[in-house]
> 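Mind looking over this structure? Questions follow.
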Amino acid sequence: MSSNKGVETPPMFEEFIKEAMQRVKKTYPFDKIERKWQKYWIKKRFFKVDIKDFRNKYYCLVMFPYPSAGLHVGHGRNYIIGDVVARYKMMRGFNVLTPMGWDAFGLPAENAAIKDKTHPKKHTFNNIKTMKSQLKEWGACYDWSREVTSCQPDYYKWTQWIFLKLFEKGLAYRKKAFVNWCPSCNTTLANEQVIQGRCERCDTPVTQKDLEQWFFKITDYAERLLSDIDKLRNWPERVKIMQKNWIGKSLGVNIHFPVVGSDKVLTCFTTRVDTIFGATYMVLAAEHPLLEEFIKDVKNRDEILEFVEEVRNESKIKRSQLDVEKKGIFTGRYVINPVNNKKIPLWVANYVLMEYGTGAIMAVPAHDQRDFEFAKKYRLPIKVVIVPVLEFETFHLWKRTASLTRAHEDDGIMVNSGQFNGLSNRKAVRRIADFMQKNGIGHRTIQYKLRDWLISRQRYWGAPIPILYCNRCGIVPVPEKSLPVLLPTAVKAKPRGESPLKDSKKFVNATCPKCKGKAGREIDTMDTFVDSSWYFLRYISSRLNNKPFEKEDVDRWLPVDQYIGGVEHAILHLLYSRFITKVLFDSDFISFDEPFMNLFTQGMIIKNGAKMSKSKGNVVSPDELIKSYGADTVRLYTLFIGPPEKDAEWSDRGAEGAYRFLGRVWRLVERITQSLRAPTKSERSNLNKIASSPEFILSESEGAPRNDSLRRKTHQTIKKVTDDLEKGFHFNTAISAVMELVNEMYIAIEKKEITHDILREAIKIVVALLSPFVPHIAEELWQRLGGTPSILKENWPSFDKNLILDETVTIPVQINGKLRSKIEVTPGIDKEGLKEKVLSDEKTQNYLKNLTVKRWIIIPNKLVNIVAANK
RNA sequence: GCCGAAGUGGCGGAACUGGCAGACGCGGCGGCCUCAAAAGCCGUUGAUCGCAAGAUCAUGAGGGUUCGACUCCCUCCUUCGGCACCA
């Protein structure tokens, strides 16, 4: 059947070849095995937890996913790590809770639904179905009986309940303010959702809008959220630092400046009171509430207002650009510097923010670069009040001021500052603050960068805010018994800058629970980060109808023992969850005030140097890989790719390597199990070509010398893998340790230097150590080795302390720090013995021939270094 | 600009409190098996010099501490992440 010229191979045939190739390439029947054991785990309910049995509890939590169209191998990393931890802890005897759910409200589903002209709910549930089967295919196991879905009324009822609790405590409030607005998503955004002036979701530059909105008063918790970071011993340092920076605490002084010709006083915040004598003007933010009053009699009022309007309209991104030119205008007013009663001009400028401090600053151009640039531009006076220590005696101040090319922001000695002259500026900070407090000029205060959490969203797919507006009673919370406030289904979701819920008359028109009169419902929905800020509590009591959770159970199971997720949530989700936990703690709904004691953030998996994304076309789908290599291979490679906290580049070749290794383990077990019985005739004739014939092992297992080195290696591997898992998430090195052991087993068999009992011990341990990583093949091999399923019920292997030390150690011998020889000694050898050994070493003697030994550095069991000089 | 992390073979990465740099894997090269391939197995693989024994150089760059530095200290460069006119 030679191929004829010009005749193309029929596609059917190609398929056939491809399939045949697959079959040949397959080194073990992973597909059957994986299906078998996935069914088995579900049937036996290994992951189902009785919440009342909290002895030895271990709450292993993976950040619940947003239901998107499908998962790629990068997402998989998160679930695989979680699954490894859960399985390992089970083998260590813990009662492991590992739940899963869906962060199911949110914009992408809504946008996709608008595009497809379907309902976001349909979209969401389709995605959940897909992702759920993907998780199962990965072999990631959860207690599905606790599944939560945040867009379901039985869940968001309690999200609304949490809103009411915050409202009762005055922690949920409504105010009119300039808020972040994404013109593309047509909704407001929390401060945390603005990334470098752009929308976190769609990257559109964020603008400011003056709106009446709901906020959570997270700023009341700023101090506790900051100081309790110290409790989080096992959080990545970088996440803690990010949170600290986000909260942004500064100690300083509020100084009061009387306004000339007015009874008003302007207060400004500064961390540098030491520079107060150098304040040569004062600046207000364009949004400052007193500004209009101050300028009402000024000649160029219209000009100033025009400027203010211009600044207000600038987008946040434009205003935050570093190189944006500083602009300002004199208000015609003056204020009095309270420390020296000097009159200084009052300006308004684009470089002062209303959101931070008081929206007014004292400008010290000599010691603040921003003020310096502004003063140079508008020819405002620059007055030096701090000079570098070295220049204090020698430098003439007038000269220095004139020659100043940039602000002197560093420490130094006080000058031109009245009674404080000659002090170090650090000391002056304290002295001047004391002086101000005593004289009522100012007072010490603390500022945070953290802003209150804006939670209103003008979008459809979210939990309705449970609030009513009554003409008579004003703002009225929906009574608890009337929850949930159901999200109406028959609403066109299309965003237009106002919540689409407005269209549903049935939804909007309500009765006031207080006066029974007519009332309108709040039409905005809640930020989805509210949904995810408490889901870890709901898992404990996910089917409870009359309460969000059972306090007794939650108190027993939380804080979460291990939380695993992406670092992209370092601020948003993790900060909000900590906040809500503290609020619930303060109201005695729970007895702990930090939700997650141990946090692990895994790195991204990238492809071709970039984050996987559909638009870049570099997404690696697990489905294909699982089909050709099996889930265990995908799991093993994902864990082996590198340290899990770091980003890693995906390589298909690397995945093949993982597959080869599993094949090697598979064949190793085959050899060992086959060697247990005499081969049948047909086996004999089939196998006699192959080196691994059963006779091979049988014959050498009788008279072979006991090979302790493999036993040692086996026990050392147990120690290494256990340490790697206990001390951190060092999956990559744990796996390579097992690979080493497997390699040694092959070598031992090849050299016929092994007895069967040692080999059997080793292979059982290999399978057990691998089982958290590659559970399907491990279960199968365990069974084939005569173990009773499931391996999850086995104890994690323990090692024999006597076996982890090598029989002999190789000690490197250095001369002047350079490796010159190696000697074999017994481990416990003392210094003198070691020295003797080294001196009798031929190679070393050679090197020492022309040298005089000056010093011996002997580190027992480690190395010998001889310090020597030429004769 | 500030804060943080990281720079090690062709590649992903090892190296516990300062003690044999390059474990393990990928890729490459050579071989075995085979009619041939696939799969598998064995060997080899940092660079330079050398027939070889071996020598020299190598952990971003440059200094320093030390008997000894990937590891500690100083200066600098590069990459990534966070914050950013925060007073």
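We name chains A, B, ... by the order of the sequence lines, and we start the count at 1 in each one. These numbers come from the heavy atoms of this one structure, side chains and all, not from hydrogens, waters or symmetry mates.
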> Which of residues 733-743 of chain A have a heavy atom under 4.0 Å from RNA chain B?
A:Thr733, A:Ser736, A:Met739, A:Glu740, A:Asn743
> Does A:Lys837 come within less than 4.0 Å of A:Glu824, counting only side-chain N to carboxylate O?
no
> Between B:rC85 and A:Lys326, counting only base atoms on the nucleotide and side-chain atoms on the residue, is there a donor-acceptor pair under 3.5 Å?
yes
> Would you classify B:rG50 as syn or anti? Syn applies when the glycosidic angle is within 90° of 0.
anti
> Run the ring-centre check on A:Tyr281 versus A:Phe374 and record whether the distance is less than 6.0 Å.
yes
> What's the CZ-P distance between A:Arg820 and B:rC67, to the nearest Å?
19 Å
> Taking 4.0 angstrom as the limit, do A:Glu325 and A:Lys377 come out as a salt bridge?
yes
> Please check the phosphate of B:rC41 (OP1 and OP2 only) for any side-chain N or O of A:Arg667 closer than 4.0 Å.
yes
> Can you figure out which of B:rA87, B:rG12, B:rG4 approaches the side chain of A:Ile241 most closely?
B:rG4
> Angle class for the A:His443/A:His256 ring planes (parallel below 30°, perpendicular above 60°, tilted otherwise)?
tilted
> With sugar-phosphate meaning primed atoms plus P, OP1 and OP2, does A:Asn732 contact a base, only sugar-phosphate, or nothing at under 4.0 Å between heavy atoms?
sugar-phosphate
> Please confirm whether the ring centroid of A:Tyr659 lies under 6.0 Å from the ring centroid of A:Phe661.
no
> From the list B:rC67, B:rG4, B:rC20, which nucleotide is the closest neighbour of the side chain of A:Asn865?
B:rC67
